[in-house]
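Please read through the structure below; I'll follow up with questions.
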Amino acid sequence: FTFFLQYADGRAEIRDLRIVGDQIHADDLKFVQAGVNGFSVPHILKQGKRVPLKNPPPGRTVSSGETLYTIGAPAALCAIGLMPDERIVWVGLIGDVANPSDRNRIGTEDDLVRYLLDLGVTDALFTGASGDVQ
């Protein structure tokens with residue numbers, strides 16, 4: 001499972017930890033000692049390359065290569081990522097970044113990835129949609 005980890009000294013990293021029998025593998029416990037905060041969500045960018053989240057629901061087709069969308073309802077998307085200089089970036093995306101006045105277009109996974117890459121984020125995890133953003 002992929003985790004976003006933040007250490008007591010402020011450092012942060014994205015790291016894969018092995019889960020065995022609903023427990024973090026003994027060899028990986030060194031990464032989650034006292035004072036470490038973290039959560040597990042899927043990659044959306046890994047080493048500057050997109051990691052698609054999922055395909056559209058059964059019976060729906062992909063629009064413009066978009067792989068995550070909200071079936072006609074406006075929704076927000078968000079991600080947390082790391083810059084090459086180790087700064088942490090959290091992005092909440094609502095609507096169309098290129099044309100914010102277009103209230104009929106919802107933000108998509110494609111938009112979120114483009115925005116993260118434009119900011120220079122190299123590794124990012126998808127942290128949710130709709131209420132998760134708030």
Side-chain angles (χ1 to χ4, degrees):
F1 288 81
T2 303
F3 283 80
F4 181 88
L5 301 173
Q6 187 168 23
Y7 298 92
D9 64 6
R11 286 179 305 114
E13 70 176 335
I14 295 172
R15 176 177 290 281
D16 290 333
L17 300 177
R18 294 166 287 177
I19 306 294
V20 178
D22 294 329
Q23 299 289 322
I24 295 174
H25 189 278
D27 292 343
D28 291 346
L29 286 174
K30 62 187 171 208
F31 301 111
V32 292
Q33 296 301 317
V36 176
N37 296 303
F39 56 91
S40 178
V41 289
H43 269 103
I44 192 166
L45 279 178
K46 190 171 190 175
Q47 298 177 349
K49 297 201 183 325
R50 179 183 184 161
V51 179
L53 294 171
K54 64 180 181 179
N55 292 315
R60 303 289 280 196
T61 58
V62 175
S63 305
S64 304
E66 298 160 353
T67 55
L68 178 74
Y69 57 96
T70 56
I71 310 177
L77 302 172
C78 60
I80 191 166
L82 298 175
M83 305 282 284
D85 64 5
E86 298 183 1
R87 284 183 295 157
I88 300 167
V89 174
W90 181 86
V91 174
L93 175 63
I94 301 172
D96 186 348
V97 173
N99 184 9
S101 64
D102 183 357
R103 296 184 179 260
N104 294 319
R105 185 175 181 284
I106 60 173
T108 67
E109 178 184 338
D110 292 344
D111 296 324
L112 185 59
V113 168
R114 275 193 300 273
Y115 198 51
L116 289 163
L117 289 170
D118 286 349
L119 289 171
V121 173
T122 54
D123 293 278
L125 302 179
F126 181 71
T127 52
S130 294
D132 293 340
V133 178
Q134 298 177 28

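If you're wondering where the values come from, they're calculated on a predicted model, not measured in any experiment.
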Sequence neighbours excluded, which residues qualify as side chain to side chain contact (heavy atoms under 4.5 Å, CB included) partners of Val41? Phe39, Leu125, Thr127
Single-linkage hydrophobic cluster, 4.5 Å side-chain cutoff, Ile14 and Tyr7 together: no
Write out all pairs satisfying ring-ring contact (aromatic ring centres under 6.0 Å, His included) with one or both partners inside residues 91-112, taking only residues at least two apart or from two chains. none
Between CG on residue Leu5 and CG on residue Leu17, distance to nearest 0.5 Å: 5.5 Å
Point-to-point distance, once rounded to the nearest 0.5 Å, from OH of Tyr115 to CG of Leu93: 8.0 Å
Pairs touching residues 26-38 that satisfy side chain to side chain donor-acceptor pair (under 3.5 Å), sequence neighbours left out: Arg18-Asp28
Restricting to side chain to side chain contact (heavy atoms under 4.5 Å, CB included), what partner residues turn up for Lys49, sequence neighbours left out? none
Donor-acceptor contact below 3.5 Å, side chain Thr122 vs main chain Gln47: no
Heavy-atom side-chain contact between Leu82 and Phe4 under 4.5 Å: yes
By side chain to side chain contact (heavy atoms under 4.5 Å, CB included), which residues pair with Ala79, not counting sequence neighbours? Ile44, Leu112, Leu116
When hydrophobic residues are tied together by side-chain contacts of less than 4.5 Å, even through go-betweens, does Phe126 share a cluster with Met83? yes
Could you note down all residue pairs passing salt bridge (Lys or Arg N to Asp or Glu O under 4.0 Å) where residues 1-14 supplies at least one of them, sequence neighbours left out? Asp9-Arg11, Glu13-Arg15
Give a yes or no on whether Val51 and Val121 share a hydrophobic cluster (residues Ile, Leu, Val, Met, Phe, Trp, Tyr; joining criterion: side-chain heavy atoms under 4.5 Å apart). no
Is there side-chain contact between Arg50 and Asp110, with heavy atoms separated by less than 4.5 Å? yes
Hey, are the side chains of Ile88 and Gln6 touching, using non-hydrogen atoms and a 4.5 Å cut-off? yes
Kindly state each residue pair satisfying salt bridge (Lys or Arg N to Asp or Glu O under 4.0 Å) with at least one member in residues 115-126, sequence neighbours excluded. none
Apply the hydrophobic cluster definition, ILVMFWY joined by side-chain contacts under 4.5 Å directly or through others, and give me every member besides Val20. none
If I compare all heavy atoms of Cys78 with all of Gly92, which pair ends up nearest, and what's the gap? CB-CA, 4.1 Å
Asp85: which residues meet the salt bridge (Lys or Arg N to Asp or Glu O under 4.0 Å) condition with it, sequence neighbours left out? Arg87
Sorted by chain and residue number, the side chain to side chain contact (heavy atoms under 4.5 Å, CB included) partners of Ile19 (sequence neighbours excluded) come out as Phe1, Phe3, Ile24
Check whether any side-chain heavy atom of His43 sits under 4.5 Å from a side-chain heavy atom of Asp16, and report yes or no. yes
